[in-house]
Amino acid sequence: MTPPAERREDLLDFLRRSTSPYHAAHEVTERLRAAGAVVLDERDHWPATEGLYAAVRDGSVVAWRVPRSFRVEAGVRIVGAHTDSPNLRLMPSGTVRTPLGSLAAVEVYGGALWNSWLDRDLGISGRLATVGTDGPEVHLVSIDEPVAHIPQLAIHLDRNVNSGGLKLDPQRHLRPLWSITSGQAADLRDVLAARHDLDPGTVVAADLMFHDTNPPALIGMDQALLSSARIDNLVSCWAATDALCDPASTSEESLAVMALFDHEEVGSVSASGAAAPLLLGLLDRIVAALELPGAERHRLSAASTCLSVDGAHGTHPNYAERHEPGHPIRLGAGPVLKWNANERYATDAGGAAMVHDLAARCGVRLQEFVMRADLACGSTIGPLTAAGLGIRTVDLGVAQLAMHSARELCAHEDVAALAKLLSAYWAG
Ligand code: CO
């Protein structure tokens, strides 16, 4: 097992490099490849021989380990999470030129806390699509340097902002300023193309988004806190990948599956989101490759389980009244099981018992979250997966503060505990 300090560095490195879902899928795939995974193309036939495999679909990645002697009764053990985070995305037009400077035209992706994007040094990353002599191609691109900034309005020009609350219009007030040079001819797509040795004349489209260039850091007097962008939900992606690459998590009889989806923050309805038949297709292909009769698919589902791993709300010390008083959630006190009577989370007693059993056996503490009855509850990919596959699913995750801010906060010990729990799940 890699020493804890080295794994913490790897977690920070993963968070820093995964600036877009495409980059997250790439980072996960590279870690799996280093652990011996065969990376397959979805258009190819997939083998059923023992080993670790992965396939990428845009910003999503699935990976699975075929055991030495698979038994249908041992089932499939699925861990699901998401690669995307709320952010600001470049409109196709890209640039708004004004006499005062060049701004980036942006749309808000997902439920971002808009104010958290102000006064930060922003980089940009995502994909550029080109049409050259070889036809259409898509390229992963990134500038992880401060190339843009959204300055907030001075208090002298908005005297009531502290008492009255900050009002932002996303169309007008969230445009990053990226140049004050008049007559600036290039736009951000051209700058990115040039950085990656692509002919700007061949660029026809892009999926680009901004990120804070301030790197992830361990903070607090005892450095127990992890301060970073995209904690929701890249810490789950990291923990799942770390667990799947851990040789100790290898089972002899059950199949391990990891599914990291894009587009959770906007409802999962896309060709690569959790509402797409990506996971179902993977299970069908595995069943076919193992040459199991069609009816075995149902026996397999009945023997299988899924852990839907996503961020949980820690109790905010400055706003304790917003939280359910009987269910305080502390950072550093272990992964959190998420409950909701209206099935916004998929956890039920049977699934929770399975996780409590695992946690007791690997020495991990658990906490139980439920939203106040007078506040609406968020959701995640758990209920979608449970309904789509008919497989028992449990929602759980690492407690954090400032969810959906450009900078979030959690305890790194909880991320390590989650990885340990997922290893034990796959090993069992
Ligand atoms: Co999330």
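One-based numbering, in listed order, for ligands and for the atoms of each. Position 1 is the first residue of the sequence, and the numbers go up from there.
- Looking at His82 and the Co ion (ligand 1) together, the shortest N, O or S contact belongs to NE2.
- The residue from Arg7, Arg8, Lys420 that alone fulfils the salt bridge (charged side-chain N to carboxylate O under 4.0 Å, His left out) condition with Asp242 is Arg7.
- Remark: side-chain polar atoms of Thr83 are not paired, donor with acceptor, to backbone N or O of Ala24 under 3.5 angstrom.
- Atom OD1 is the N/O/S atom of Asp310 found closest to the Co ion (ligand 1).
- Side-chain atoms of Thr315 do not come within 3.5 Å of backbone N or O of Pro328 as any donor-acceptor pair.
- The atom name of the N/O/S atom in Asp232 closest to the Co ion (ligand 1) is OD1.
- Shown are Arg17, His23, Arg195, Arg127; of these, the side-chain contact (heavy atoms from CB on, under 4.5 Å) with Ser142 is made only by His23.
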